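Since the structure is predicted, the reported quantities are computational estimates derived from the model, not experimental observations.
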Amino acid sequence: QVRLVESGGGLVQAGGSLRLSCAASGRTFSSYAMAWFRQAPGEDREFVARIRTGGFDTSYADSVKGRFTISRDNAKNTVYLQMDNLKPEDTAVYYCAATPSVYTSRPLDYNYWGQGTQVTVSS
């Protein structure tokens, strides 16, 4: 069982930055691939970024590539999402998720989810 708690969301102007954190419980965090997803009102949950267990392999949605950076600190059981040059279309609830089995961008492959943190970008 893994419990995930996100933090770091908030209101920011376009062009600004935020850093999201996701703290995980449990002693097997390093064996989980991690990802960030987001969901805007009335929209499906969409993939943002993912990172392998060792932290050396990452992947991003085209819409955030070059602006967002995912990283992890296995010693602290935490995964991060650095978001720079934010745009109003980045406004959404951001969720972190964990999977022990596959390295994937599909929400249905992730077993554990946090409660989400709101990110609002004003124009």
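Side-chain N or O atoms of Thr58 include none that pairs as donor or acceptor with a backbone N or O of Ile70 at under 3.5 Å. Under a 3.5 Å cut-off, the side chain of Thr120 and the backbone N or O of Thr91 do not form any donor-acceptor pair.
Heavy-atom minimum distance, Pro100 versus Asn111: CD-OD1, 2.9 Å. Gly9 approaches Thr117 most closely through the heavy-atom pair N-OG1, 3.2 Å. Closest approach of Thr69 to Tyr60, counting heavy atoms only: CA-OH, 3.3 Å. Minimum heavy-atom separation, Cys22 to Leu4: SG-CB, 3.9 Å.
Here CZ of Phe29 is found 6.5 Å from OG1 of Thr78. Values are rounded to the nearest 0.5 Å. Atom CD of Gln118 and atom CG of Leu11 lie 9.5 Å apart (nearest 0.5 Å). Annotation: the span from Leu81 atom CG to Met34 atom CE amounts to 11.5 Å, rounded to 0.5 Å. A distance of 14.0 Å separates NZ in Lys87 from OG in Ser123, rounded to the nearest 0.5 Å.
Within the structure, salt bridge (Lys or Arg N to Asp or Glu O under 4.0 Å) pairs that include any residue of residues 96-114 comprise Arg106-Asp109 (at least two apart or interchain). Applying the salt bridge (Lys or Arg N to Asp or Glu O under 4.0 Å) rule to pairs touching residues 69-82 yields nothing, sequence neighbours excluded. Pairs engaging residues 6-24 under the salt bridge (Lys or Arg N to Asp or Glu O under 4.0 Å) rule: none recorded [sequence neighbours left out]. Annotation: ring pair (Phe, Tyr, Trp, His ring centres under 6.0 Å) contacts involving residues 83-111, sequence neighbours excluded, comprise Phe37-Tyr110.
Annotation: side chain of Arg38 is in contact with side chain of Val64 (closest heavy-atom distance under 4.5 Å).
Asp84 meets the side chain to side chain contact (heavy atoms under 4.5 Å, CB included) test with Ser17, Gln82; sequence neighbours excluded. Listed by chain and number, the residues in a side-chain hydrogen bond (donor to acceptor under 3.5 Å, both in side chains) with Ser59 amount to none (sequence neighbours excluded). Under the side-chain hydrogen bond (donor to acceptor under 3.5 Å, both in side chains) criterion, Arg67 pairs with Asp90, not counting sequence neighbours. In terms of the side-chain hydrogen bond (donor to acceptor under 3.5 Å, both in side chains) criterion, Glu89 has no residue partners (sequence neighbours excluded). Applying the side chain to side chain contact (heavy atoms under 4.5 Å, CB included) criterion to Thr28, with sequence neighbours excluded, gives Ser31, Tyr32. Partners of Ser105 under the side-chain hydrogen bond (donor to acceptor under 3.5 Å, both in side chains) rule, at least two apart in sequence or in another chain, are Arg50. Annotation: side chain to side chain contact (heavy atoms under 4.5 Å, CB included) contacts of Thr53 (sequence neighbours excluded): none. By the side chain to side chain contact (heavy atoms under 4.5 Å, CB included) test, Ser71 is found to be paired with Tyr80, residues two or more places apart in sequence or in another chain being considered.
The hydrophobic cluster containing Phe47 does not contain Leu20, counting ILVMFWY residues as joined when their side-chain heavy atoms lie under 4.5 angstrom apart, directly or transitively.
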Stepwise, does the side-chain contact (heavy atoms from CB on, under 4.5 Å) test hold for Arg45 with Trp113? CA-CA 12 Å; Arg45 192 165 297 189; Trp113 292 83; 3.2 Å; yes
